[in-house]
Amino acid sequence: MTTLARTGPITSRRWRLGKRWLLIVGLTVFAIWTLFPIAWMIETSLKPDADIYGAPGLWPARTTVRHYIDLFSQDDFGTYFKNSLLVAVATTALAVVIGILAAYALTRLEFRGRRFVANVTVVTYLVPPSLLFIPLFQVAFQFGFTDRAMGLVPLYLIFTVPFCTWLALAYMKAIPRELEESSLVDGANRLQALRMIIVPLILPAVAVIALFTFTQAWNEFLYALILISSTDQKTLPVGLMDFINGDVLQWGPLMAGSLLGSLPPILIYMAAQRWVVSGLSAGAVTG
């Protein structure tokens, strides 16, 4: 009996230790898998052209910042970056405001067809954008949105607003109606209750919605490629194609531009990391 009593805790301790090491190994493999492309981009962007096509390796024998200098001195990278930033910021601001208002209406207001509208919102988000680019191109052409960077914003709202609404629905359903009703009794209207009661409670959710929306608008390629042809109106994902001439790829500037283009979403996430993590956790618990 004494032997069995001693063996039980030892086996349990070994099992917990094995699970911990399995978790560490799994996370290490996942981190390497995730960071390897970024490391390869940095390494390629710092290599001279003569070394890029030489022996591969994660540590360059020689380093240069010429590719980064050429991006801003010889190419239109600054214009592409500015256009992408304007489009992504405008899309995010409008989508978040419209999505929150729509989610508030679907969760707090009673009207006929509310459940149908909520279901259609989810279905609209699930439609692949590649299926709609032909009819949307015709609509954009008729309204004069083609070959204009800011003309992409109304089209991006078609996909980002259902996404924002769908995410905001889950968070607003978790807020007790009594908090809002007490403010209405005190004389506040619906918009005031939304601004002073609901929005402060879902700020982490707003951070999550804004981050995902900004990333989606920042990385969008298909519609920007179809609708934009002028160099001064191109966004960054389309502008980076200028470094591909037939079967010749300018790997140095291409990797440097891709690395700089990935910085805005990363910096935004780092700045709002606390809110994003809490918002994702709240969404997981709510769901």
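Small disclaimer: the values here were computed from a predicted structure and weren't measured.
Minimum heavy-atom separation, A140 to L155: CB-CD1, 4.0 Å. When all heavy atoms of R195 and P200 are compared, the pair lying nearest together is O-CD, 3.2 Å. Closest approach of A88 and T92 over heavy atoms only: O-OG1, 2.7 Å. When all heavy atoms of A95 and T160 are compared, the closest pair comes out as CB-OG1, 3.5 Å. Of all heavy-atom pairs between V153 and A90, the closest is CG2-CB, 4.1 Å. The two atoms that bring A224 and Y156 nearest to each other are CB-OH, 3.8 Å, heavy atoms only.
Between the side chain of E220 and the backbone N or O of Y223 there is at least one donor-acceptor pair closer than 3.5 Å. Checked by atom type and distance alone, the side chain of S84 never pairs as donor or acceptor with a backbone atom of F81 at under 3.5 Å. In this structure, the side chain of S262 engages the main chain of L259 through a donor-acceptor pair within 3.5 Å. Under a 3.5 Å cut-off, the side chain of Q233 and the backbone N or O of I228 do not form any donor-acceptor pair. Judged purely by atom type and a 3.5 angstrom limit, H67 uses its side chain to pair as donor or acceptor with the backbone of K47. A donor-acceptor distance shorter than 3.5 angstrom exists from the side chain of N83 to the backbone of D232, with no hydrogens or angles considered.
Criterion: ILVMFWY side-chain heavy atoms under 4.5 Å apart, direct or through other members. Under it, L263 and L71 are part of a common hydrophobic cluster. Under the 4.5 Å side-chain heavy-atom criterion for Ile, Leu, Val, Met, Phe, Trp and Tyr, L222 and L157 are members of the same hydrophobic cluster. Residues I32 and L27 fall into different hydrophobic clusters, defined by Ile, Leu, Val, Met, Phe, Trp and Tyr side chains chained together at heavy-atom separations under 4.5 Å. Hydrophobic clustering (ILVMFWY, side-chain heavy atoms < 4.5 Å, transitive): M150 and L94 are in one cluster. L86 and V238 fall into different hydrophobic clusters, where Ile, Leu, Val, Met, Phe, Trp and Tyr residues are linked whenever their side-chain heavy atoms come under 4.5 Å apart, directly or through other members.
In this model, a donor atom of one side chain and an acceptor atom of the other lie less than 3.5 Å apart for S230 and D147. Y80 and T235 share no donor-acceptor pair across their side chains, judged by distance under 3.5 Å alone.
The shortest side-chain heavy-atom distance between N219 and P237 does not fall under the 4.5 Å cut-off. Side-chain atoms of T213 and C164, non-hydrogen and from C-beta on, do get closer than 4.5 Å to each other. Side-chain contact between T91 and Q216 is absent, with no heavy atoms from C-beta onward closer than 4.5 Å. Using a 4.5 Å heavy-atom cutoff, the side chains of L260 and F77 are in contact. L240 is listed as a side-chain neighbour of F243, based on a closest heavy-atom distance under 4.5 Å. Residues Q250 and I244 form no side-chain contact, since every pair of their non-hydrogen atoms from C-beta on lies 4.5 Å or further apart. L152 places none of its side-chain heavy atoms less than 4.5 Å from the side chain of F145. Side-chain contact check for F137 versus T146: some heavy-atom pair is nearer than 4.5 Å.
Atom CD1 of I266 and atom OH of Y269 lie 11.0 Å apart (nearest 0.5 Å). With values rounded to the nearest 0.5 angstrom, Y68 atom OH is found 10.5 Å from T64 atom OG1. Rounded to the nearest 0.5 angstrom, F159 CZ and L136 CG are separated by 5.0 Å. One finds the OH atom of Y104 at 13.5 Å from the CG atom of L169 (value rounded to the nearest 0.5 Å). Between the CD1 atom of I209 and the CD1 atom of I100 there is a distance of 5.5 Å, given to the nearest 0.5 Å. Rounded to the nearest 0.5 angstrom, L167 CG and F212 CZ are separated by 7.5 Å.
In F143, the CZ atom is not crowded: 12 or fewer heavy atoms of neighbouring residues, nucleotides or ligands sit closer than 6.0 Å. The local environment of CZ in R108 is crowded, with over 12 non-hydrogen atoms from other residues, nucleotides or ligands closer than 6.0 Å. Heavy-atom neighbours of F141 CZ from other residues, nucleotides or ligands within 6.0 Å: at or below the threshold of 12. M241 CE: 12 or fewer foreign heavy atoms inside a 6.0 Å radius.
Ionic pairing of K234 and D76 is not present here: no N-O contact between side-chain nitrogen and carboxylate oxygen is shorter than 4.0 angstrom.
Using bins of under 30°, 30° to 60° and over 60° for the plane-to-plane angle, the ring pair W166/F163 lands in the tilted bin. In this pair, F214 and W218 present their aromatic rings parallel. The plane angle is below 30°, not in the 30 to 60° band.
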